[in-house]
There are 2 protein chains.
Amino acid sequence: MAARASSKTSESSDKVSVICRALRRAIIEQALEPGAKLPEDALGERFGVSRTIARHALGQLAAEGLVELRRNRIAVVATPSWQEARDAFDIRIELERLVVRQLAGKLTKVQIAELNGHVDAEDRARGGTDAVSIRLATEFHILLAHMTNSPILVRYVSEVAYRCCLTLSLYSRPHSSECAINEHRAIIAALAKGDEAKVMELMHHHLDSVANRALVAPAPQRGRDLLDILAPYADEVTSDRVVKLPKIARRG
Amino acid sequence: MAARASSKTSESSDKVSVICRALRRAIIEQALEPGAKLPEDALGERFGVSRTIARHALGQLAAEGLVELRRNRIAVVATPSWQEARDAFDIRIELERLVVRQLAGKLTKVQIAELNGHVDAEDRARGGTDAVSIRLATEFHILLAHMTNSPILVRYVSEVAYRCCLTLSLYSRPHSSECAINEHRAIIAALAKGDEAKVMELMHHHLDSVANRALVAPAPQRGRDLLDILAPYADEVTSDRVVKLPKIARRG
DNA sequence: GGACATCAAACTGCATGCAATTGGAGCGCC
DNA sequence: GGCGCTCCAATTGCATGCAGTTTGATGTCC
């Protein structure tokens, strides 16, 4: 049996949605690195819309955690802390275990073929850039989520997977994607066989190893904002006794 | 040990955020029922802002799944299908198991007191309206999530809990909250004792029973939109052979 | 009475304009 | 050189205005 009936999900073809999709893709392909500035004017001009629309799009992406918005400041691509990255992976593991649990033994031949086709594409892209490999690997997981036909699950898996992508560009050493591809194939096989426990274990291990490959150092703080680094210390000072910090150039 | 250091989360004091918070609360307290119309003009006037801001707020709430936005149509409070409600609860169970797993044995005395205080408040509210009981019960879970100090987890648990609230007003028979309160107390006790497996089991059972109490009938379709109900059937007809339906008054 | 065409009010989609805030270059002072 | 100050360009926060779409009420014909 092929999961559930289809549902009218996905984003409409608003101008806002178009911009969101474009920026999302740019972010996960690391064309836009964490910390990159996203001025409303520039976005509007680039996409041929007014600032109003660009602003709205940034709001949506901020809700997804891909963009950081601070009042009266230029929006920037989010720069998750190491701990946030770890948290994102933990959540992702639980969500994707749920995905494969729902899917085990319930996929049609067509769906399995589609999954295999996607992994083939991942294979072919091995010669290309890391960015494309990472995007394809992420899209494999999103494709799986889609097959549950649960719009909510799709949304959360997509979101958290994008966030994890974001952390890869911050904390990961150069990506080696072969093992990931093999693990994807193993997951498909277990799904087809319908071995629920096995596929959940496989997915857990797969994501855990991706996370461990990515999040190597506990506190690299490469590219972190000074204020973020100092935030915990700021809790100690009272408001009327402000510590003056020496001026340090931040990356821009 | 008291979980992690605090973090600058939570929404800023934008006008947009204010409206979002107000609407969220109105929705989960069922002052705004699923299907209720939310015209931009009216919201703007009510909150003393322009339509631009109201619109932006609606966009945010739509991203959270509390509001449904269709092009050129008045925004309405979301009306999740029975299946979506079930999906939301399934996801919620996994997320909240993660919450209590992270929290087991790691809460400070102060935090435990805070949790007990909240349940006391739930107890006192038993005489009041269902709406307040439901809100307090939901806030208990969000309070737990906050104690993990994982902003991402807080966001997802909050969102999915709000969505579950929404379904309660659609599909639930009159709420009986006593058992829920007892279960909350049991969870606190197990958390304090640090019994990870036990507390995960308790939370799982708690949410599952809430879901089962709420989602009684598989297809009540009370207050469902005609078009949604007919959507699966519409897949059968080809586009050039449109079935004309008799005019039926929809609730407005 | 009921189906259909017509039209005005209501509403959304979006761009533009203005005030307020920020950030950083330039400049004087130590 | 380093530190603080002033000032202006860049940028955001928000309201308003206009065009296009939907809604539903009315009138007309069968």
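Side chains are part of it too, since the values below use all heavy atoms of this structure and drop only hydrogens, waters and symmetry mates. To find a chain, count down the sequence lines: A is the first, B the second, and so on, and within it residues start at 1.
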Nucleotide D:dT11, atom P - distance to CG of A:L69 in whole Å: 15 Å
Interatomic spacing from SG in B:C20 to CD in B:E64 - rounded to 0.5 Å: 6.0 Å
Between C1' of C:dA15 and CG of A:D41, the distance in whole Å: 13 Å
Out of C:dC14, D:dT22, D:dA15, whichever nucleotide has its closest atom nearest the side chain of A:I53: C:dC14
B:R73 vs B:E68 side-chain heavy atoms within contact, under 4.5 Å: no
Step-by-step side-chain contact (heavy atoms from CB on, under 4.5 Å) determination, A:R92 to A:H141: CA-CA 10 Å; A:R92 183 172 177 184; A:H141 290 262; 3.4 Å; yes
B:R55 side-chain proximity, nearest of D:dA15, C:dC14, D:dT12: C:dC14
Separation of B:L32 CG from B:R25 CZ (nearest 0.5 Å): 13.0 Å
Length of the line joining A:I19:CD1 and C:dC14:P, which is rounded to integer Å: 9 Å
Residue B:R51, side-chain heavy atoms: nucleotide from C:dC18, D:dG17, C:dC11 that is nearest: D:dG17
Whole angstrom value for the distance that separates C1' of D:dA10 from CD of A:E45: 14 Å
Value in whole Å for how far the C1' atom of D:dT12 lies from CD of A:E68: 17 Å
Separation of atom CZ in A:R70 from atom C1' in C:dG23, rounded to whole Å: 13 Å
Pairwise 5' ranking along DNA chain C for B:P39 and B:T52, keeping only the more 5' one: B:P39
A:I74 side-chain proximity, nearest of D:dT22, D:dA15, D:dT12: D:dT12
N or O in side chain of B:R71 less than 4.0 angstrom from D:dT21 OP1/OP2: no
Length of the line joining B:H56:NE2 and C:dT12:P, which is rounded to integer Å: 16 Å
Candidate nucleotides D:dA15, C:dC11, D:dT23, ranked by approach to the side chain of B:R73 - the nearest: D:dT23
Residue A:E40, side-chain heavy atoms: nucleotide from D:dG13, D:dT23, C:dA15 that is nearest: D:dG13
Side chain of A:N72 - closest among D:dG13, D:dT16, C:dT12: D:dG13
Per A:K37 side chain, nearest of listed nucleotides D:dT12, C:dG24, C:dA15: C:dG24
Gap between atoms NZ and P, on A:K15 and C:dG13 respectively (whole Å): 12 Å
Side-chain donor/acceptor of A:E29 to backbone N/O of A:A26, under 3.5 Å: no
